[in-house]
Number of protein chains: 2
Amino acid sequence: MNQTMDVPAKRNTKQKDAVRHALSETTGFVSAQDLHLVLRNHGSTVGLATVYRALADLAASGEADSIQATSVAGTGETLFRACGQSHHHHLICTECGKTVEIAAATVEKWAEAIAAENGFTESSHTIEIYGRCASCTA
Amino acid sequence: MNQTMDVPAKRNTKQKDAVRHALSETTGFVSAQDLHLVLRNHGSTVGLATVYRALADLAASGEADSIQATSVAGTGETLFRACGQSHHHHLICTECGKTVEIAAATVEKWAEAIAAENGFTESSHTIEIYGRCASCTA
DNA sequence: GCATTATTGAGAATGATTGTCAATACCGAC
DNA sequence: GTCGGTATTGACAATCATTCTCAATAATGC
Ligand SMILES: [Zn+2]
Ligand SMILES: [Zn+2]
Ligand SMILES: [Zn+2]
Ligand SMILES: [Zn+2]
């Protein structure tokens with residue numbers, strides 16, 4: 001093996017757990033800033049940078065999914081959500097943020113096929129569906 | 001009609017044409033900053049803010065498509081590309097940026113159906129496929 | 001308990017994008 | 001073609017999300 005062991009051992013901290021917990025409480029996607037506010041409002045003294053670091057870790061380990069808030073009139077912030085481990089996509093309400101996880105083998109195959117047809121390898125994809133949920137259609 | 005005319009009449013300017021032209025020259029997606037550099041290197045004295053404004057206009061009028069550069073190790077900048085008018089998606093090489101426009105009625109229907117099944121209306125979607133093109137697979 | 005060192009938090013720094021505003025250049029009217 | 005009202009421009013300041021810095025703190029193994 002040529003793996004120069006230099007990856008710092010991870011530690012469990014109250015802050016990281018607090019972020020994980022706060023994230024699991026929310027139903028839809030949230031920004032790091034919003035989550036930080038929620039935590040502070042609950043008495044936590046966690047720092048903003050720490051929330052960013054914790055979310056980055058969760059996203060890296062697959063415990064959380066992240067998307068870019070592009071919609072309309074946004075500076076494009078990153079939103080996070082605690083999700084199932086298996087590969088899936090999202091149906092998101094642009095009004096209340098309600099999120100439904102979507103898993104469809106057919107589109108996975110489609111995306112894979114499109115890439116292959118054009119000679120692309122190591123393909124990946126980004127697929128999100130937006131709309132206004134029943135509750136918000138009033 | 002109740003349309004209080006207050007939309008400022010658009011004007012044609014050299015700068016806007018320069019941006020439009022520079023954008024059409026590039027084959028893949030480019031950032032506003034990169035496009036600004038290209039223009040300056042070609043002798044133009046166009047300002048960065050103007051390039052941003054022109055690109056925003058082009059994107060709004062449907063003359064250009066935009067995506068968020070998330071991929072790997074990017075601060076998430078917005079990329080633009082002169083595209084066909086009709087609705088489509090993209091297959092993008094993460095290495096050289098080569099872009100292929102994709103149009104597939106089946107996924108359009110699929111996305112529409114998923115939204116409807118869950119009681120969502122006014123649905124839209126974001127679908128991009130990434131990979132490494134033949135030339136870059138060496 | 002103790003030493004080692006990953007982690008934290010406050011604030012500075014960064015990078016992309018947008019706002020400000022006086023100077024400029026379109027464009028339709030004369 | 002000239003003129004005038006106003007949309008547009010460009011240099012720079014301002015904003016916003018995110019990352020970096022670094023001394024202080026706390027988790028882990030012994
Ligand atoms: Zn998810
Ligand atoms: Zn997928
Ligand atoms: Zn396109
Ligand atoms: Zn589509």
Side-chain angles (χ1 to χ4, degrees), chain A residues 4-23 29-61 64 66-81, chain B residues 4-23 29-61 64 66-81:
Chain A
T4 47
M5 95 75 183
D6 48 9
V7 182
K10 294 282 181 185
R11 290 179 184 176
N12 295 328
T13 70
K14 304 175 196 296
Q15 294 83 331
K16 211 164 285 182
D17 281 338
V19 170
R20 206 195 319 266
H21 183 258
L23 188 64
F29 280 86
V30 266
S31 69
Q33 313 252 10
D34 285 347
L35 206 57
H36 179 237
L37 268 183
V38 170
L39 286 163
R40 298 298 272 240
N41 290 338
H42 275 260
S44 171
T45 62
V46 68
L48 177 57
T50 300
V51 174
Y52 272 103
R53 288 185 279 237
L55 287 174
D57 282 354
L58 291 175
S61 72
S66 68
I67 61 176
Q68 300 301 122
T70 43
S71 41
V72 186
T75 328
E77 55 206 315
T78 302
L79 303 183
F80 300 84
R81 176 171 188 272
Chain B
T4 48
M5 97 73 183
D6 49 9
V7 182
K10 294 283 181 183
R11 289 180 185 174
N12 296 327
T13 70
K14 304 175 196 295
Q15 297 75 337
K16 211 164 285 182
D17 281 338
V19 170
R20 208 195 317 264
H21 182 259
L23 188 63
F29 281 86
V30 264
S31 70
Q33 312 252 11
D34 286 346
L35 207 56
H36 178 238
L37 267 184
V38 171
L39 285 163
R40 297 298 273 239
N41 290 338
H42 274 261
S44 172
T45 63
V46 68
L48 177 58
T50 299
V51 174
Y52 271 104
R53 288 185 281 239
L55 287 173
D57 283 355
L58 291 176
S61 72
S66 69
I67 60 176
Q68 299 302 121
T70 42
S71 40
V72 185
T75 328
E77 54 207 315
T78 303
L79 303 183
F80 300 85
R81 177 172 188 272

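The model shown is predicted, which means the values in this text are computed figures rather than measured ones. Numbered from 1 within each chain, the chains take letters A, B, ... in sequence-line order.
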- Task: For C:dT17, take OP1 and OP2 only and decide whether either is under 4.0 Å from a side-chain N or O of B:T78.
- Result: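 Yes, such a contact exists.
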
- Would you say A:Y52 reaches D:dT19's phosphate, i.e. side-chain N/O to OP1/OP2 under 4.0 Å?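 Checking A:Y52 against D:dT19: no side-chain N or O falls below 4.0 Å of OP1 or OP2.
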
- Message: Walk along nucleotides 7-12 of chain C from 5' to 3' and tag each nucleotide B, S or - by protein heavy-atom contact under 4.0 Å, base first, then sugar-phosphate.
- Response: SBBS--

- How close do A:F80 and A:A59 get, heavy atom to heavy atom, and via which atoms?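 Heavy atoms of A:F80 and A:A59 come nearest at CE2-CB, 4.3 Å.
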
- Query: So, for B:A32 and B:V51, which heavy atoms are closest and what is the spacing to 0.1 Å?
  - Reply: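 Minimum heavy-atom separation between B:A32 and B:V51: O-CG1, 3.7 Å.
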
Could you state the atom-to-atom distance from [atom1] of [X] to [atom2] of [N] in whole Å?
| X | N | atom1 | atom2 | value |
| --- | --- | --- | --- | --- |
| B:E77 | D:dA17 | CD | C1' | 14 Å |
| A:N12 | D:dG29 | CG | P | 10 Å |
| B:R20 | D:dT8 | CZ | P | 12 Å |
| B:Q68 | D:dC16 | CD | P | 18 Å |
| B:D17 | D:dT9 | CG | C1' | 14 Å |
| B:L79 | C:dT17 | CG | P | 8 Å |

- State which residues pass side-chain contact (heavy atoms from CB on, under 4.5 Å) with A:A64; sequence neighbours excluded, sorted by chain then number.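 Listed in chain order: A:L23, A:L58.
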
- Partner residues of A:A49 under the side-chain contact (heavy atoms from CB on, under 4.5 Å) criterion, sequence neighbours left out: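 A:A49 satisfies side-chain contact (heavy atoms from CB on, under 4.5 Å) with A:R53 once adjacent residues are dropped.
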
- Message: What's the separation between atom CG in B:L79 and atom CD1 in B:I67, rounded to the nearest 0.5 Å?
- Response: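 Taking CG in B:L79 and CD1 in B:I67, the distance rounds to 5.0 Å.
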
Side chains of residues 7-19 of chain A: which donor-acceptor partners sit under 3.5 Å, not counting sequence neighbours?
unit_1 : atom_1 : unit_2 : atom_2 : d
A:T13  : OG1    : A:K16  : N      : 3.1
A:D17  : OD1    : A:R20  : NH2    : 3.3

- Which pairs count as side-chain hydrogen bond (donor to acceptor under 3.5 Å, both in side chains) when at least one residue sits in residues 30-42 of chain B, sequence neighbours excluded?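 Output for this query lists B:S31-B:D34, B:Q33-B:Y52, B:H36-B:R40.
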
- Task: For B:T78 and B:Q68, run side chain to side chain contact (heavy atoms under 4.5 Å, CB included): C-alpha distance rounded to whole Å, both residues' side-chain angles, the deciding distance at 0.1 Å, then the answer.
- Result: CA-CA 5 Å; B:T78 303; B:Q68 299 302 121; 3.3 Å; yes

- Quantify the bending of the helix from C:dG1-D:dC30 to C:dC30-D:dG1 as the angle between its end axes, each fitted on five pairs, to 10°.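 Inter-axis angle at the ends, rounded: 40°.
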
